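Scroll down for the structure; my scribbles are underneath it.
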Amino acid sequence: MEERIENDCSFAGVRPIMVDLPYPPLQVSERNQAYANLLSIDYCGAVSEMSAITQYINNENRLSGEKCKTAVTILGIAMAEMMHLQKLGEMIGLLGGKIDFVARHRNGRSRMWTPEFLTIPEQEKRMIEADIEAERAAINQYRVHINMIQDEFVNEVLERIILDEEYHIMILQALLKE
């Protein structure tokens, strides 16, 4: 006899969880490899949109069987992070950089994205705390990069992404209180 096990958590209609403000147009003042390299770190470094997406999806998968509401919220946040990844990739291309999951650091060191960058705790509370910590680290990194980048168009997009990251922290903190 074949046993059938189903997850009854519905993800129908899940939308990205983000601030209700438009993103600035994706444009750059001029090609700049150094700026593209900084964005490559935000794209796929240890603290990056790629890391955030993967960590969120892993958490969502592990929670969906028992904590549907939390899993749905985490999926919505992951979807917003996917949009950030897409925007960073497009800006890297506009700046003349390479989009290939390699973070290019100023010291000449390069590192391909790896799941070793992730924090994957077992308990729900610790998952959410790790997600909050990752969001804070991303905000700090974006602010450092904004201070290094002298392109108002790029910085406007990074500032807009920070608004979403701050909103995600607020949502995650609310999940912790439930």
Side-chain angles (χ1 to χ4, degrees), residues 15-60 74-120 127-173:
R15 299 181 52 102
I17 294 177
M18 51 199 286
V19 175
D20 189 19
L21 292 170
Y23 283 89
L26 297 181
Q27 57 188 340
V28 300
S29 296
E30 60 186 6
R31 289 185 178 277
N32 185 312
Q33 188 62 52
Y35 296 169
N37 290 349
L38 286 173
L39 295 185
S40 77
I41 297 166
D42 299 322
Y43 186 83
C44 64
V47 174
S48 68
E49 298 299 337
M50 186 66 192
S51 293
I53 293 163
T54 308
Q55 185 166 307
Y56 279 125
I57 292 297
N58 183 275
N59 290 346
E60 173 269 312
I74 288 174
L75 179 60
I77 294 172
M79 292 167 73
E81 305 296 355
M82 289 176 206
M83 294 176 66
H84 299 164
L85 185 75
Q86 187 280 327
K87 290 175 187 324
L88 290 171
E90 190 170 330
M91 285 194 304
I92 290 167
L94 290 171
L95 288 164
K98 196 171 182 186
I99 305 157
D100 58 1
F101 297 109
V102 174
R104 292 170 176 79
H105 298 269
R106 288 178 39 176
N107 62 6
R109 198 189 74 185
S110 296
R111 178 128 192 236
M112 181 169 263
W113 186 87
T114 172
E116 293 172 6
F117 294 154
L118 306 179
T119 302
I120 310 289
M127 284 181 205
I128 295 170
E129 289 169 344
D131 292 340
I132 291 169
E133 185 178 312
E135 292 284 3
R136 287 184 176 138
I139 291 166
N140 291 337
Q141 181 171 283
Y142 279 127
R143 289 194 172 126
V144 167
H145 290 173
I146 287 167
N147 288 330
M148 297 170 76
I149 294 172
Q150 303 300 309
D151 184 321
E152 66 180 298
F153 300 118
V154 174
N155 285 341
E156 285 176 1
V157 174
L158 298 182
E159 290 283 0
R160 175 59 187 81
I161 290 172
I162 287 172
L163 292 177
D164 285 341
E165 308 300 20
E166 291 170 338
Y167 186 55
H168 295 161
I169 290 171
M170 187 180 80
I171 298 292
L172 292 165
Q173 287 173 333

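Numbers here simply count residues along the sequence, with the first being 1. No experiment lies behind these values; they were computed from the predicted model shown. Computed from heavy atoms alone, side chains included, the values below leave out hydrogens, waters and symmetry copies.
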(request) Go through the steps for Gln33 and Asn37 under the test side chain to side chain donor-acceptor pair (under 3.5 Å), then give the verdict. (result) CA-CA 6 Å; Gln33 188 62 52; Asn37 290 349; 2.9 Å; yes
(message) One pair to check against salt bridge (Lys or Arg N to Asp or Glu O under 4.0 Å): Glu166 and Arg160. What are the steps and the verdict?
(response) CA-CA 10 Å; Glu166 291 170 338; Arg160 175 59 187 81; over 6 Å; no
(request) Check step by step if side chain to side chain contact (heavy atoms under 4.5 Å, CB included) holds for Phe101 and Met50. (result) CA-CA 8 Å; Phe101 297 109; Met50 186 66 192; 3.6 Å; yes
(message) Run Tyr23 and Asp164 through side chain to side chain donor-acceptor pair (under 3.5 Å) and show every step you take.
(response) CA-CA 11 Å; Tyr23 283 89; Asp164 285 341; 2.2 Å; yes
(message) Run Tyr56 and Leu75 through side chain to side chain contact (heavy atoms under 4.5 Å, CB included) and show every step you take.
(response) CA-CA 7 Å; Tyr56 279 125; Leu75 179 60; over 6 Å; no
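Taking CG from Leu94 and CG from Leu26, the interatomic distance works out to 7.0 Å, rounded to the nearest 0.5 Å. To the nearest 0.5 Å, atom CG of residue Leu38 and atom CD1 of residue Ile92 are 10.0 Å apart. Atom-to-atom distance recorded for His145:NE2 and Asn140:CG is 11.0 Å, nearest 0.5 angstrom. Here the NE2-CD1 distance, from His105 to Ile41, works out to 4.5 Å after rounding to the nearest 0.5 Å.
In this structure, the side chain of Ser51 does not engage the main chain of Val47 through any donor-acceptor pair within 3.5 Å. The closest donor-acceptor contact from the side chain of Asp131 to the backbone of Leu172 lies at 3.5 Å or more, if one exists at all. The backbone N or O of Arg104 sits nowhere less than 3.5 Å from a side-chain atom of Ser110 that would complete a donor-acceptor pair. Using a distance-only test at 3.5 Å, with no hydrogens or angles considered, no donor-acceptor pair links the side chain of Arg111 to the main chain of Cys44. A distance-only check finds no donor-acceptor pair linking the side chain of Ser29 to the backbone of Glu152 [under 3.5 Å]. With hydrogens and angles ignored, the 3.5 Å screen pairs a side-chain donor or acceptor of Tyr35 with a backbone N or O of Gln150.
A heavy-atom distance below 4.5 Å is not found between the side chains of Arg136 and Glu165. Contact annotation: the side chain of Met82 approaches that of Ile57 to within less than 4.5 Å [non-hydrogen atoms, C-beta and beyond]. Looking only at side-chain heavy atoms (C-beta outward), Leu88 and Val157 stay at 4.5 Å or farther from each other. Using a 4.5 Å heavy-atom threshold, the side chains of Arg31 and Leu95 count as separate. Counting heavy atoms from C-beta on, the side chains of Gln86 and Glu90 come closer than 4.5 Å. At a threshold of 4.5 Å between non-hydrogen side-chain atoms, the residues Ile74 and Met127 do not count as touching. Residues Ile139 and Ile169 form a side-chain contact, since some pair of their non-hydrogen atoms from C-beta on lies under 4.5 Å apart.
Side-chain polar atoms of Asn32 and Asp151 form no donor-acceptor pair below 3.5 angstrom. Checking Asn59 against Gln55 by side-chain atom types alone, no donor-acceptor pair falls below 3.5 Å.
Annotation for Asp20: atom CG does not count as buried by contact number, only 12 or fewer foreign heavy atoms lying within 6.0 Å. With a 6.0 Å radius and a threshold of 12 heavy atoms from other residues, nucleotides or ligands, Gln27 has its CD atom above the threshold.
Taking the charged nitrogens against the carboxylate oxygens, Lys87 and Glu81 have no contact shorter than 4.0 Å, which rules out a salt bridge.
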